[in-house]
Structures are given as C-alpha cells and as structure tokens.
Amino acid sequence: MSTFQDLGLNDDLLQAITDLGFTKPSEVQEKAIPILLESETDLVALAQTGTGKTAAFGFPMLEKIDVASRTTQGLILSPTRELCLQITNEMKLYGKYCKGLNVVAVYGGSSIQDQAREIKRGAQIIVATPGRMKDMIKRRLVDISKIQYSVLDEADEMLNMGFKEDITDILSHTPVDKSTWLFSATMPREVATIAKKFMNNPQEITVGTKNESTSNVSHEYYLVNARDRYQALKRLSDANPDIFSVIFCRTKRDTQKVAENLIEDGYSAGALHGDLSQNQRDLVMKSFRNQQIQILVATDVAARGIDVDDITHVINYQLPDEPEVYTHRSGRTGRAGKTGISMVIVSKSEVRKIKSIERIINKKFEKKDIPDGADICEVQLMSLANKIHNTEINHEIDKHLSSINELFADTDKDELIKKFFSVEFTRFYNYYNKSKNLNVAEGSYDRDSRREGGRDFSRGSKNDSTRYFINVGGKDGFDWMKLKDFLKEQMNLGRDDVFKVETKDSFSFFNTENELKEKVLAHFTDFKHEGRFVNVEVSENRGGGRRNDRRSGSSGKRRDDRRSGGRRDDRKESSGNRGDRRRSDSGSKPRRSDSSDFGSSRPRRSRR
Ligand code: ADP
Ligand code: MG
C-alpha cells in the first residue's frame with residue numbers, strides 16, 4: 001500500500017492532505033492519481049460512492065493547473081447542486097495551500113450573475129451542473145475554450161438525469177485535445193457510449209468488482225402486501241430505535257406523503273424532493289446532517305447529493321424502476337468504514353426484481369421477516385434500559401430527591417423500575433399489542449388485508465393509476481427510459497407522471513394517474529409516429545404485475561377488434577368500483593396511544 005508521497009503529489013497538496021487527516025490513499029486514488037499525473041490521458045474510472053473519487057481527480061487537477069494564470073483550465077461536471085457544492089468545498093480544502101487558486105461553483109437556483117462575476121475574477125477550476133453550465137455558455141458568461149481537463153463525475157447519474165444533450169453541448173465548446181476523466185459507479189451502455197464519443201483511447205480503472213455495491217452494506221428484503229408497506233416501514237424503524245436513515249420512494253408524491261405520515265405518527269422525519277424550494281431542501285438537509293431528523297424520505301434525484309457518513313439504514317420503500325439505481329441508494333449507507341443495512345420492502349409482484357439487483361450488486365439479499373409487535377416492544381424496552389444505564393446523572397435533581405423519595409417510600413426497586421419503564425413501554429405495547437403479522441409467505445396469494453389501517457398510497461397502486469398498453473417497444477428502439485421520455489414529451493407531462501414503464505419487444509406498458517387517462521387516450525387517438533400508427537389503450541391489468549401483463553399483452557395484439565364498443569367505459573366503471581371498495585376498507589388510521597407522559601413520548605420524536 002502506497003502513501004500519498006509515493007503517488008507523486010507536491011508539498012502544498014501533501015500538507016493539505018495531512019491537515020485533512022487522510023493517512024493513506026483509497027484504492028481509486030492509488031490507481032488514478034499516478035496515471036493522471038504521469039500522462040495526459042483520458043480516463044474511465046469505475047468506483048462506488050464513498051470511495052474518494054473527488055480526491056482521485058481533484059489532486060491531479062490541482063497539481064496540473066497553473067494557478068498563476070487566471071484562465072479557466074479545469075471543468076468538473078456533476079449531476080446535482082449538492083454534489084457541485086461538495087466538490088467545490090473539497091477542492092478548496094485540497095488546494096488551500098495553492099496560492100491564487102480560485103474554484104467556482106456553477107449551479108442552478110442561485111444568481112447566475114454572481115457566479116459569472118466570480119468566474120470573471122479568474123477561476124482556474126469551475127465545478128458545474130450541466131444545466132446551468134449550458135445556460136452560462138449560451139449567455140456567453142463563461143469561456144471554457146481553453147480547458148485542459150474536464151471531469152464527468154457520477155457520469156451514470158448525469159445520464160440518468162437526462163443531461164446527455166447538455167453534456168454534449170458543453171463539451172463541444174471545449175478544445176479537442178483536452179483530457180477527459182470520467183468517473184462513474186456503474187457502467188451502463190449510455191456511459192460507455194459517452195466514453196466512446198468523447199474520449200480518446202481512455203485508460204480504464206475499476207475499483208472493486210464492477211457494479212458491486214459497497215462491501216460493508218448488507219442487503220435485506222421484506223415481503224409484505226403492497227398496502228402494508230407503510231406499516232412495515234414503521235415497524236422497521238421502531239425495531240431500530242437508533243435508526244438514522246434515508247427512505248427512498250419512487251415519486252415526489254409518495255415521498256411527501258410518507259414523510260408527512262411519519263411526522264404525524266410522531267417520528268422525526270423530513271421530506272426531500274424536487275417540488276420543494278431550494279431553501280426548504282437546504283433546511284431539511286441541514287437538520288438531517290445535524291441528526292435533528294432521524295428519517296429522511298427522499299426521491300432518487302433529490303438524494304443524489306446526500307453525503308452524510310453515519311447513515312445506519314437505507315430503506316427502499318419502493319424499488320427503483322431501474323435496478324442500477326439501487327446501487328446508488330444502498331451506497332448512502334456503509335460509508336467511511338462503517339457498516340450499513342439496505343432494506344427493501346417488496347410486494348409479491350416485485351420480488352423478482354430482487355434477483356436482478358442481486359446480479360448487479362453481485363451479492364445476495366437476506367430475506368427477513370418484519371418484526372412482530374413483541375419483538376419491537378422488547379427492542380424498545382432494552383434500548384431504553386441501555387439509555388438510562390448510560391445516562392449521566394444530572395445533579396440538579398439532588399435537591400428534589402427527598403420529596404421524590406418520600407413519594408416512593410413504599411415502592412421497592414423492582415416496582416419502581418417497572419413503573420418507570422411503563423411510562424415509555426406502555427405506549428409501544430398498546431400500539432403493537434394486537435398487531436398482525438405483516439409477512440407474506442413467498443408463493444402465497446396476495447389478498448386484500450383489512451386490519452391495522454394499512455395505508456397504501458404507493459403510486460400505481462390498484463386504485464389510483466391506470467395502466468396502458470402501447471404498440472411500440474424494443475423493436476422500435478425504445479427502452480423504458482426512452483419510452484418514458486417519449487411519452488412525457490408527447491403529452492407535455494412532468495417527470496413523475498409516467499411510471500411503471502415496461503418495454504417488451506413489440507409492445508410496452510406504462511402507468512399514469514387516473515386523472516390523466518382522458519388526456520392520454522385522446523392524445524394517442526389517430527396518432528402517428530415516424531409514419532406508423534401508435535396505439536395506446538387501457539390495459540386490463542392495472543397494477544402492472546408481470547403475469548397479467550403478458551395476458552393483456554396478447555390481448556393487446558387483438559387490439560383492432562376492440563377499438564370500439566364501449567369497452568373502455570366498461571373497464572373504467574369496474575376500476576372505479578374496485579377503487580372505491582378498497583378505499584372504504586382501509587380508512588382507519590393505526591391507533592396511536594395518546595401519550596400524556598413526558599413531553600416527548602416517542603424516543604424519536606424530537607420536534608425542532
Ligand atoms: P465519492 O466521490 O467516491 O463518493 P468522496 O470523494 O465524496 O467519495 O469521498 C468520500 C469521503 O471520504 C469524503 O468525506 C472524503 O473527504 C473522504 N476521503 C477521501 N479520500 C480519503 C482518504 N484517502 N482518507 C480518508 N478519507 C478520505
Ligand atoms: Mg463523488
């Protein structure tokens with residue numbers, strides 16, 4: 001194992017490294033830094049989140065640029081504002097002894113003029129999000145024609161977020177003979193394409209196994225009925241009293257709802273998603289970083305920048321559409337040498353996705369049971385006992401001791417302990433006393449459950465979304481992402497409006513909210529794309545399970561037979577009925593004990 005000295009960095013950088021407390025280079029640093037220092041080369045580096053990629057490109061860039069010059073020489077593109085700010089900060093720390101160094105962050109949601117002014121003062125390095133960067137170039141507020149080094153950080157994320165065109169556009173304003181360094185956690189085909197297009201004979205390094213997620217993360221899944229998801233989430237949180245976690249939902253709507261419900265149920269939770277203002281997001285992130293919030297509920301996009309080291313659990317409230325995304329989610333935990341657990345709550349229809357994720361992360365999931373009420377009560381009790389045991393005595397109590405002693409004169413130690421613990425324990429006990437078993441046996445029939453007030457507000461649940469059949473698919477050049485983009489563009493819909501997109505060879509499926517049904521069907525009436533009729537109709541299987549899709553797929557092939565005849569209306573009516581029935585089944589909220597005890601009844605309820 002080499003040292004930073006061995007890698008050939010200059011004294012200014014070595015001093016900064018000492019100040020930062022980095023004792024030895026991480027693997028990606030050990031591999032990348034010498035290559036980048038020794039030659040002017042393009043590089044593709046595959047390494048998971050948290051492996052120290054920023055320093056792997058940051059130190060060589062700082063070593064190579066000329067700080068005496070005010071020309072912009074390095075451009076780092078990263079997917080989100082959070083990451084952009086983080087990289088900027090790190091670069092400033094790394095370069096704190098490089099006199100005259102100026103690193104400027106360029107990102108949306110903040111004054112473009114201020115950023116332009118900072119650049120004008122002479123920024124050798126710009127760290128930017130693609131959207132804002134493109135904007136700045138268009139407005140001629142920045143000159144990147146003399147860039148020597150460009151970094152595409154988290155390239156897979158940038159492509160996932162649809163920045164491909166922006167990146168292409170930005171790079172077209174840079175010199176051809178610059179070096180490009182691409183960093184990515186995964187190597188989907190799109191990233192390989194980018195590498196091919198923009199890079200010249202790149203050297204390649206891979207840290208760990210390709211696509212393997214952080215090794216100190218263990219992966220667990222819990223099989224429940226879809227409508228018990230929220231209950232399951234609460235139990236997983238309650239069974240881990242010191243949880244500090246990120247919960248991933250697929251849509252902004254679910255994210256908001258899960259967070260709201262958790263808060264209402266007394267948990268210390270917050271939501272992070274794109275519909276919040278930048279200011280709101282900053283506040284939530286600040287509270288989470290300070291651990292004032294124990295549970296952060298987030299969308300994939302919004303969570304991209306989360307760089308918090310102590311996250312104990314990642315909970316996949318719903319699985320992502322694309323299995324690769326799971327790697328990013330689970331990479332939020334198990335950082336900085338700590339262990340972490342990534343939990344997945346799945347329903348029967350999704351359990352097959354676990355297998356494809358296992359292939360990608362090259363690790364097995366452990367199937368575990370949602371803890372039952374008694375387990376949770378025990379865990380909570382023992383956690384409280386430990387907390388009390390470890391509590392430092394506050395001697396302000398001393399002066400009240402005699403009156404307290406008087407009150408408990410006839411109470412022996414056991415009794416006192418029982419009473420004391422009951423203050424907290426009874427609340428959990430009452431809540432979980434008659435709780436049902438949430439676990440579903442693999443292979444069993446997924447029935448409606450009517451107890452424990454299950455709330456299922458998952459997007460695409462049977463009652464509020466419509467599933468469609470569309471007669472284009474892989475053959476027509478669509479993968480799920482392309483089809484999703486196509487549909488959103490066609491109908492001018494928002495990012496989350498089209499979901500559960502599944503492409504087959506010659507046809508595909510997707511979902512929207514019921515409200516959009518008329519719009520979707522109207523749009524695709526007599527609709528032609530590239531010279532052929534594209535036909536969309538409501539699929540009989542509204543949930544999106546695979547088995548049913550196949551059936552509706554084959555009936556879809558007979559679609560011409562049933563273009564008319566009120567069939568759609570039939571289906572609409574039946575779906576309406578089903579939706580209504582379900583709603584009335586599951587209205588009641590879980591009983592929550594009215595705790596009139598010590599202000600903050602739930603250990604985790606730390607209201608700010
Ligand atoms: P990545 O970009 O791969 O997700 P980062 O560059 O953000 O990872 O680094 C993750 C964390 O590890 C940061 O807090 C960073 O300061 C720290 N770090 C990076 N390199 C080292 C090192 N050699 N020794 C100790 N900590 C490091
Ligand atoms: Mg990074």
Side-chain angles (χ1 to χ4, degrees), residues 1-9 13-34 36 43-62 74 76-96 103 105 107 125 127-130 150-161 181-187 191 205-208 210-217 246 285 289 303-311 314 327-338 340:
M1 174 65 80
S2 52
T3 62
F4 280 107
Q5 272 93 344
D6 300 339
L7 301 184
L9 294 168
L13 298 177
L14 290 173
Q15 185 56 50
I17 288 169
T18 309
D19 292 0
L20 280 161
F22 294 2
T23 49
K24 54 179 197 297
S26 70
E27 197 184 340
V28 68
Q29 292 161 6
E30 198 176 7
K31 286 183 172 167
I33 292 174
L36 299 179
L43 175 80
V44 171
L46 288 184
Q48 293 305 312
T49 317
T51 50
K53 292 191 286 291
T54 317
F57 61 75
F59 286 125
M61 185 179 278
L62 289 166
I76 301 167
L77 293 177
S78 91
T80 65
R81 168 198 142 106
E82 272 257 343
L83 279 172
C84 174
L85 286 169
Q86 256 171 44
I87 295 168
T88 309
N89 261 341
E90 292 267 313
M91 291 296 281
K92 284 180 177 164
L93 288 174
Y94 302 163
K96 70 192 235 197
V103 185
Y107 52 87
I125 298 175
V127 187
T129 53
S150 64
V151 173
L152 303 176
D153 191 29
E154 309 240 2
D156 49 354
E157 298 269 14
M158 287 201 283
L159 296 176
N160 272 345
M161 292 170 72
W181 308 336
L182 181 151
F183 287 77
S184 191
T186 58
M187 194 68 179
V191 176
I205 57 175
T206 303
V207 171
K210 261 184 203 173
N211 289 343
E212 194 179 12
S213 59
T214 333
S215 57
N216 35 358
V217 177
V246 182
M285 271 316 293
R289 235 185 271 285
R304 293 254 147 87
I306 297 177
D307 179 29
V308 177
D309 281 342
D310 300 314
I311 293 167
V314 163
T327 325
H328 299 291
R329 291 183 173 188
S330 58
R332 300 295 152 204
T333 184
R335 293 167 77 94
K338 301 197 175 77

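The first residue of the sequence shown is numbered 1, and numbering continues consecutively from there. Whatever order the structure lists ligands and atoms in, that order sets their numbers, starting from 1.
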Q.
Taking a cutoff of less than 4.0 Å between a non-hydrogen atom of the residue and any ligand atom, is F4 in contact with ligand 1?
A. yes

Q) So, is Y94 polar-close to ligand 1, with some N/O to N/O distance under 3.5 Å? A) no

Q. Are any non-hydrogen protein atoms located under 4.0 Å from atom 12 (O) of ligand 1?
A. no

Q) What residue among T51, L46, T206, I33 forms side-chain contact (heavy atoms from CB on, under 4.5 Å) with V28? A) T51

Q: Report the C-alpha distance between L43 and F183 in whole Å, list the side-chain angles of each, state the deciding distance to 0.1 Å, and finish with yes or no for side chain to side chain contact (heavy atoms under 4.5 Å, CB included).
A: CA-CA 8 Å; L43 175 80; F183 287 77; 4.1 Å; yes

Q. Hey, does the side chain of T54 reach the backbone of I87 with a donor-acceptor pair shorter than 3.5 angstrom?
A. no

Q.
Please confirm whether K24 approaches ligand 1 to less than 4.0 Å, judged on its heavy atoms.
A. yes

Q | Under 3.5 Å donor-acceptor, K31 side chain and A45 backbone | A | no

Q. Do any N or O atoms from the side chain of Q29 and from the backbone of A55 form a donor-acceptor pair under 3.5 angstrom?
A. no

(Q) Any nitrogen or oxygen of Q29, side chain or backbone, less than 3.5 Å from one on ligand 1? (A) yes

Q.
Taking distance alone, with N or O pairs closer than 3.5 Å, would you say T54 contacts ligand 1?
A. yes

Q.
Using heavy-atom distances only, which candidate in G52, G21, G58 approaches atom 9 (O) of ligand 1 most closely?
A. G52

Q | Contact atoms of ligand 1, heavy-atom distance to T51 under 4.0 Å | A | 1 (P), 3 (O), 8 (O)

Q: Apply side chain to side chain contact (heavy atoms under 4.5 Å, CB included) to the pair D156 and H328, showing each step before the final yes or no.
A: CA-CA 10 Å; D156 49 354; H328 299 291; 3.2 Å; yes

Q | ligand 1 atoms in contact with Q48 (distance to a heavy atom under 4.0 Å) | A | 3 (O)

Q. Are any of the side-chain nitrogens in D19 or K96 under 4.0 Å away from the carboxylate oxygens of its partner?
A. yes

Q) Between S2 and E30, is any side-chain donor less than 3.5 angstrom from a side-chain acceptor? A) yes

(Q) If you measure every N or O of E154 against every N or O of ligand 1, does any of those distances drop under 3.5 Å? (A) no

Q) Does A47 have a heavy atom less than 4.0 Å from any atom of ligand 1? A) no

Q) Considering only heavy atoms of E90, which atoms of ligand 1 have at least one such atom less than 4.0 Å away? A) 15 (C), 16 (O)

